[in-house]
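Numbered from 1 within each chain, the chains take letters A, B, ... in sequence-line order. Hydrogens, waters and symmetry mates are skipped; everything else that's a heavy atom, side chains included, is used. All figures in this text were calculated on a predicted structure; none of them were measured in a lab.
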Amino acid sequence: MSEKKKTTIILFSGEYDKAMAAFIIANGAAAYDHEVTIFATFWGLNAFRKDSHPNVKKSFLAKMFGRMMPRGVNKMGLSKMNYLGMGPKLIKHVIKKHQAMPLPNLITMAQEQEVKLVACQMTMDLLGLQEEELLDKIQYAGVGAYLADAEEGNVNLFI
Amino acid sequence: MSEKKKTTIILFSGEYDKAMAAFIIANGAAAYDHEVTIFATFWGLNAFRKDSHPNVKKSFLAKMFGRMMPRGVNKMGLSKMNYLGMGPKLIKHVIKKHQAMPLPNLITMAQEQEVKLVACQMTMDLLGLQEEELLDKIQYAGVGAYLADAEEGNVNLFI
Amino acid sequence: MSEKKKTTIILFSGEYDKAMAAFIIANGAAAYDHEVTIFATFWGLNAFRKDSHPNVKKSFLAKMFGRMMPRGVNKMGLSKMNYLGMGPKLIKHVIKKHQAMPLPNLITMAQEQEVKLVACQMTMDLLGLQEEELLDKIQYAGVGAYLADAEEGNVNLFI
């Protein structure tokens with residue numbers, strides 16, 4: 001058992017605001033010298049997707065899911081006040097105005113602080129996502145790996 | 001205090017995908033020899049409802065709630081991409097295709113692994129649900145019982 | 001480190017039912033003699049807003065957010081079965097009928113039990129909310145203060 005405090009976050013939700021909350025907490029905990037893991041599953045995986053369209057072969061269903069789900073954080077909506085996409089623009093505007101960090105920067109910062117970003121292998125398989133479609137330096141694991149981290153920490157959140 | 005590690009999950013949400021996540025984590029933790037409790041409250045109770053229509057007497061309001069809420073997991077929607085019910089069918093299709101477990105099997109597995117399934121008594125009363133309408137081998141308790149389990153464990157999630 | 005058990009809840013969501021769950025757990029934990037903190041962030045801040053319209057100066061954007069977001073708990077919707085506002089009325093009706101506590105009373109009770117209510121300073125700034133618009137006896141802090149509480153407790157939920 002490591003002597004560092006551990007923090008784990010399961011990122012299940014696919015909304016911009018919830019992903020922001022996850023990365024703000026993760027970066028805060030890393031700054032307090034915790035070992036931090038973000039385990040992205042179901043719609044949360046969208047936060048780890050690249051903006052670009054990697055050239056990968058897919059089944060029909062996998063293509064459908066791939067198209068329906070937002071490709072990267074800048075295409076994600078809000079959990080409240082989404083207003084057909086106006087909400088996210090407004091939020092990004094006030095973030096900029098207050099010199100706060102937008103989500104892509106929060107993710108970069110998390111990687112710089114060695115927050116462990118893990119993609120749920122089962123969801124990857126179910127939705128037909130491939131590693132080429134996700135950001136670099138993502139790990140791939142299952143619920144067992146999550147539990148091994150979580151059972152040693154106190155701050156374990158489901159977002 | 002038991003020497004086993006404890007994991008508790010409050011299942012508040014009534015969607016198929018969130019209930020799946022709850023039961024996958026619960027089954028994983030039970031396989032790692034944790035003592036696991038799923039405490040279903042508010043819309044989460046729908047995951048514990050039987051498909052059938054037990055013959056119970058109800059007040060007008062209780063009947064209304066009973067009709068509006070999904071009866072059992074196969075009537076639950078998704079938290080994202082529900083598309084008027086197409087989403088759940090698609091998810092069930094890919095689960096089958098990948099030989100993963102659909103929600104009813106995950107619940108059976110949880111009961112076989114002795115995951116404690118607890119229904120929130122206060123919500124039962126508020127929504128006029130009766131024990132005959134829920135699956136067998138469910139316990140009934142309040143927030144005090146939840147806290148007694150949770151305060152001894154590290155992995156405590158709200159889904 | 002205090003010897004009391006600690007419970008923390010991040011209230012991110014802005015719905016009546018989720019805020020109810022947060023305050024029921026918080027009041028339960030306080031009754032079990034835990035030190036309890038509710039850290040309200042993003043839409044969860046609406047639960048701390050006064051019903052009234054304090055006379056504060058605001059920028060155009062802050063005014064817009066202020067108008068779009070519900071002013072106090074009695075204007076909040078439900079996360080499920082909202083039905084254009086009928087859902088919350090129905091819930092409040094059954095709460096009254098069963099002599100359970102509606103949300104404003106749960107908040108008062110939490111304050112009487114010395115549950116620490118903390119508003120996220122970053123969200124206040126982003127949404128242009130001012131202290132005069134929130135209930136009395138609220139503290140203002142950031143993610144660091146949250147983590148200081150959470151890392152000493154076992155029951156740490158994100159709602």
Would you please test Phe12(A) and Ser79(B) for side-chain contact (heavy atoms from CB on, under 4.5 Å) and show each step? CA-CA 10 Å; Phe12(A) 173 96; Ser79(B) 68; 3.8 Å; yes
Just by modelled atom types, is the Gly153(A) backbone N or O under 3.5 Å from a matching donor or acceptor in the Asn154(B) side chain?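 The answer is yes, because a donor-acceptor pair under 3.5 Å joins these two groups.
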Are there residues of residues 14-34 of chain B whose heavy atoms fall under 4.5 Å of chain A's heavy atoms? If so, which?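 Against chain A, the residues of residues 14-34 of chain B that fall inside the cut-off (heavy atoms, under 4.5 Å) are Asp17(B), Lys18(B), Met20(B), Ala21(B), Ile24(B), Ile25(B), Gly28(B), Ala29(B), Tyr32(B), His34(B).
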Would you please go through residues 121-150 of chain B and name the residues with a non-hydrogen atom below 4.5 Å from one of chain A, in numerical order?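 Those residues of residues 121-150 of chain B which would need a heavy atom under 4.5 Å from chain A do not exist here.
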For Lys96(A), does the NZ atom have more than 12 heavy-atom neighbours from other residues, nucleotides or ligands under 6.0 Å away?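 No.
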Assess whether atom CD of Glu114(B) is packed by more than 12 heavy atoms of other residues, nucleotides or ligands within 6.0 Å.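 No, not enclosed.
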Less than 4.5 Å to any heavy atom of chain B: does that hold for the side chain of Ile10(A), its backbone, both, or neither?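 When you check distances to chain B, only side chain atoms of Ile10(A) fall under 4.5 Å.
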Taking side chain as C-beta onward, heavy atoms only, is Lys80(B) less than 4.5 Å from Pro70(A)?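 No. Closest side-chain heavy atoms not under 4.5 Å.
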Pick from Val94(B), Ile159(B), Val155(B): which one has the most heavy-atom pairs with chain A under 4.5 Å?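 Answer, by heavy-atom pair count under 4.5 Å with chain A: Ile159(B).
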